[in-house]
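Working notes for the structure below.
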Amino acid sequence: MVVTRATLLLVCGSALAVGASLSRATILPEERSDAMYHSYDGGGVEVDGPSVLVRKNFKETVSVSANYYVDNVSSASIDVITSGASAYGEKRTEYSLGTDYLYGKSIISASYTNSDESDYTSDTFSFNVSQDFFGDLTNVSFGYSLGQDEVSQNGNSEFSEDIDKNNFRFDVSQIISKDLIIGFNYELISDEGYLNNPYRSYRFLSDPLDPDAGYQFAQEVYPNTRTSDAASIRLKYFLPWRATAGGSYRYFTDDWGVDAHTAQLTYTHVLYDNWFFDLKYRYYVQTQADFYEDLFLSPSQDEKDYRARDKELSDFNNQTLSAYVSYQRPLSYPLLDRAALTLQWDHIWFDYDNFADLTDASSPVGEETLYEFEADVIKLVFTLWY
Amino acid sequence: MKLLALLPLVVSLCACGIQPWVKPYERQNLSDPIMRFERDPIAGGYTNHVYQAREGARGAEGSGGGGCGCN
């Protein structure tokens, strides 16, 4: 169970409904079906599974989409190993339904997503309206999502907590010239409820005056609310040959003290009208939460004395290098327009500045080697347009 | 949030007097699929998923993007 997972649903679910409305203004999203195999391997965690997305349009005014998604998780992460727990496996299944309605120069979208796993369930409702202006050079979009999650704990039937999530989005897509487009995105996310992970622990010195006495673990203590703001700007430029160069930057801040910067550069090249190549580089860096420490001097005194040792809330950065290739060709079968096979590979380097690798037992307490790991992400997608 | 609520009205009023500076017949490059910020929605959504589960930041990934009001 990962607490941030429910937030993913909000974004993924809303993407179903909102997706192409931004990209192509006052036309419905294109009719296509995608079948994907995805795989993540890094830091002792392996996740893989299928995903299928089907979209069908009716009378050029209504579009309906459905998505089925599975995560098969096998985890022996640094948190699992150092807490003394044994490696575990679990499965998460997600269903989404979305619909878009085209009315004049507006698209009204709604979607519902359900995610279920042994210790976490989530229901997300999303609504979005987008409108074209200035001869379709500008698209403005507003969105809202409501997430209702239920957190439980395997092996503890008494434990059950709720989270309410509210997302507000505002997006603008603007054509600058016949070769340049920019996008601006803003999103406010507000969470309330049980926001920490019931399996995660922080560590504190057994004797604050004597580090050699070792350390102990205790369950993390988090605030019950979290509000964050994120704003991003993206641009894409069509080069003199059939290729594009792109860039993006996102700033993130929240009331837990986490500030983050994300920058990405992309280059896309087309060969022989059938082959599409993408190269991407992404850099991400964040500061740690106010209540994060790798090693606390003392245990939490009460429910307001927050304690976290979740590495996702620590000081760290990561870098990603991506290479994607896609082959697309027309089809001569009835009712089918074209097909594509796409292979995407991302390699990510994670580098933590204040999260110790506790498997380093040879170093004194508090002076252990800092943790780092690398991960590979593979996506194989088959697409049919009709 | 109040400013955001007023924005559609302001944009609507401004839209009355502005002529599009990129004509429909000049939008061939903009309508190319490679001008979309995300060409593969299912793969892009998964990539966001990978990052969100492992980073503190969230939101404003942009769920669509690129292209133009032509096709």
Side-chain angles (χ1 to χ4, degrees), chain A residues 2 4-5 7-8 11-12 14-15 18-27 34 36 38 40 51 53 132-137 140 170-171 173 175 177-179 181 183 185-187 189 228 230-232 234 236 238 244 250 252 258 260 262 268 270 284 286 312-313 342 344 346 377 379 381, chain B residues 1 3-71:
Chain A
V2 177
T4 52
R5 190 169 295 161
T7 308
L8 312 180
V11 173
C12 296
S14 60
V18 179
S21 61
L22 253 184
S23 63
R24 289 188 296 146
T26 43
I27 58 169
D34 297 84
M36 177 177 73
H38 61 85
Y40 171 92
S51 179
L53 174 63
D132 283 344
F133 300 96
F134 309 131
D136 297 343
L137 296 184
V140 179
F170 170 65
D171 305 300
S173 179
I175 291 171
S177 74
K178 62 184 179 63
D179 294 317
I181 184 167
N185 308 95
Y186 168 76
E187 187 163 4
I189 304 176
S228 66
S232 68
R234 302 183 290 173
K236 206 147 207 190
F238 199 95
T244 61
R250 177 182 67 169
F252 170 90
V258 177
T262 311
T268 301
V270 184
Y284 173 86
Q286 73 170 56
E312 287 78 40
L313 295 179
T342 304
Q344 301 187 352
D346 309 285
V377 181
K379 291 152 279 180
V381 187
Chain B
M1 290 305 293
L3 284 175
L4 286 180
L6 285 174
L7 200 63
L9 178 64
V10 173
V11 172
S12 300
L13 292 173
C14 294
C16 301
I18 295 180
Q19 296 299 314
W21 56 90
V22 180
K23 305 298 182 189
Y25 56 84
E26 295 177 313
R27 300 180 191 179
Q28 182 181 354
N29 291 346
L30 294 164
S31 65
D32 192 310
I34 62 173
M35 281 297 278
R36 295 180 195 162
F37 289 118
E38 186 54 71
R39 291 203 310 276
D40 291 293
I42 194 171
Y46 176 71
T47 305
N48 285 336
H49 177 124
V50 167
Y51 288 124
Q52 285 200 10
R54 293 162 185 85
E55 296 175 348
R58 57 190 189 172
E61 287 90 355
S63 43
C68 68
C70 53
N71 193 26

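Every chain is numbered from 1, with letters handed out A, B, ... down the list of sequences.
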Exercise for the section: Pick out which of A:T244, A:D179, A:I175 makes a side chain to side chain contact (heavy atoms under 4.5 Å, CB included) with B:M35. Expected result: A:T244
Exercise for the section: Indicate yes or no for a side-chain donor-acceptor contact from B:E61 to the backbone of B:G59 under 3.5 Å, with no hydrogens or angles considered. Expected result: yes
Handout entry: Top of B:D40, B:V22, B:N29 for chain A proximity - count of heavy-atom pairs under 4.5 angstrom
Key = B:N29
Fill in the blank from the handout: Among A:Q286, A:Q344, A:H38, the residue with the most heavy-atom pairs under 4.5 Å to chain B is A:H38
Problem - Contact origin within A:T342 toward chain B - heavy atom pairs under 4.5 Å - result: side chain
Exercise for the section: Please step through side-chain hydrogen bond (donor to acceptor under 3.5 Å, both in side chains) for the pair A:Y284 and B:R54, ending with a clear verdict. Expected result: CA-CA 11 Å; A:Y284 173 86; B:R54 293 162 185 85; over 6 Å; no
Exercise for the section: Without swapping roles, check the side chain of A:K236 against the backbone of B:R36 for a donor-acceptor pair under 3.5 Å. Expected result: yes
Practice task
Tell me, for A:A230 versus chain B, whether the close heavy atoms (under 4.5 Å) come from the side chain, the backbone, both or neither.
Solution key: both
